[in-house]
2 protein chains.
Amino acid sequence: MAQTGSCDCCGSAATAGAVDSTADLSCYCPVDGVIDAISKKYSLQIVGLLGANGPMRYSELEEVLGATSTSLLSNRLEELAEEELIERRSFDEIPPRVEYSLTPRGRELEGRLQPLLEWAAEE
Amino acid sequence: MAQTGSCDCCGSAATAGAVDSTADLSCYCPVDGVIDAISKKYSLQIVGLLGANGPMRYSELEEVLGATSTSLLSNRLEELAEEELIERRSFDEIPPRVEYSLTPRGRELEGRLQPLLEWAAEE
DNA sequence: CAGCATCCGAACCGATACTG
DNA sequence: CAGTATCGGTTCGGATGCTG
């Protein structure tokens, strides 16, 4: 995953035209990086939590998510921030405080995610 | 992932009540297994392709997806079939023929997936 | 044609130890 | 409090090679 330029499903094979003209929707490969970002552990939960609760601190997320290792949470937050789905805001205080919140883009994602998650959860 | 009974985000931590009452949407952990299934490589594409093109043969999928190894494709198809998102139909012919198509459940998924994918793809 | 079995490397997860 | 650094275990992905 995490492709930057090449595309394994449209680059080589799509030109073969094996299927037909309705194949407009057949390529979901690049998808920017969002899909990559959200298909890792806790990403979905983070987006959902920030959407439901508003800004949250590092330790709050850590607690609610049920103690993942700190490094894992760090990585997820960093990745989501790189995709501009969440925003990191640090206050210059002692003790330090950092808050994470959804960006507008993140809120768009959350909106589109919700129907999917609700459907998957009810079942 | 692939949890069957235990839940790492609501089992232990949600009872801590660190956030507040709006945390209804905070638990996406179990989510049946659908999320697990679709967060693996090619699952999304398979569902999308079958939705757009109708039933497809093994070799068609293989070609359009751009030659993943056969075992990987096999695994994905099997997993999606176990989740009852796709249906496998084999014809008793020589040479053998197998077609895959979306189940009603798979079509529901595809519908909810589409807005998300379109949004992610346009960017 | 449609696949399963196997083996290897890469990515991901989790726990621990340590820093600003 | 909010992280970074490191390391071992597990899962995932890709390449062959071989069957019904």
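Residue numbers start from 1 in every chain, and the chains themselves are labelled A, B, ... in the order their sequence lines are given, proteins ahead of strands.
Comparing C/dG14, D/dA2, D/dA15 by their closest approach to the side chain of B/Ser69 singles out D/dA15. Nearest to the side chain of B/Ser71, among D/dT6, C/dA2, C/dA5, sits C/dA5. In the set D/dG14, D/dA2, C/dC1, D/dG14 carries the atom at the smallest distance from any side-chain atom of B/Tyr42. Checked against C/dA2, C/dC13, D/dC1, the side chain of B/Tyr58 finds its nearest nucleotide in C/dA2.
Contact annotation: B/Arg76 does not reach the phosphate of D/dC12 (side-chain N/O to OP1 or OP2, under 4.0 Å). One finds no side-chain N or O of B/Lys40 lying less than 4.0 angstrom from the OP1 or OP2 phosphate oxygen of D/dG13.
With rounding to whole Å, A/Leu65 atom CG is found 15 Å from C/dG14 atom C1'. In this structure, the CG atom of B/Leu72 is 10 Å from the P atom of D/dA15, given to the nearest Å. Atom P of nucleotide C/dC1 and atom CZ of B/Arg57 are separated by 8 Å, given to the nearest angstrom. With rounding to whole Å, B/Leu73 atom CG is found 12 Å from D/dG13 atom P. In this structure, NZ of A/Lys41 is placed 14 Å from P of D/dT10, rounded to the nearest angstrom. Going from atom CZ of A/Arg97 over to atom C1' of C/dG20 covers 18 Å, rounded to whole Å. B/Glu62 has its CD atom 12 Å from the P atom of C/dC4, to the nearest Å. Rounding to whole angstrom units, CG of residue A/Asp36 and C1' of C/dC12 are separated by 13 Å.
Between A/Leu77 atom CG and A/Tyr100 atom OH the span is 5.0 Å, to the nearest 0.5 Å. To the nearest 0.5 Å, atom NZ of residue B/Lys40 and atom CD of residue B/Glu79 are 4.0 Å apart.
Among the protein residues, B/Glu78 comes within range of the sugar-phosphate backbone only, with heavy atoms under 4.0 Å from sugar or phosphate atoms but none that close to a base. Here A/Ser59 lies in heavy-atom contact (under 4.0 Å) with sugar-phosphate atoms only. At a threshold of 4.0 angstrom between heavy atoms, the contacts of B/Thr70 include nucleobase atoms, whether or not backbone atoms are also involved.
Annotation: proximity of residues 84-94 of chain B to DNA chain C (heavy atom, distance under 4.0 Å) is found for B/Arg88, numbered in ascending order.
Listed for the A/Ser43 side chain is no donor-acceptor partner under 3.5 Å among the backbone atoms of A/Ser39. In this structure, B/Glu60 contributes its side chain and B/Arg57 its backbone to a donor-acceptor pair below 3.5 Å. Listed for the A/Tyr58 side chain is a donor-acceptor partner under 3.5 Å among the backbone atoms of A/Thr70. Side-chain atoms of B/Thr103 never come within 3.5 Å of backbone atoms of B/Glu87 as a donor-acceptor pair (strictly under, hydrogens ignored).
Residues forming a salt bridge (charged side-chain N to carboxylate O under 4.0 Å, His left out) with A/Arg97 (at least two apart in sequence, or on another chain): A/Glu93, A/Glu99.
Along DNA chain D, the nucleotide nearest A/Pro95 and the nucleotide nearest A/Ser74 are compared for position; the residue whose nucleotide lies closer to the 5' end is A/Pro95.
Screening B/Gln114, B/Arg112, B/Arg107 for a side chain to side chain donor-acceptor pair (under 3.5 Å) involving B/Glu110 leaves a single residue, B/Gln114.
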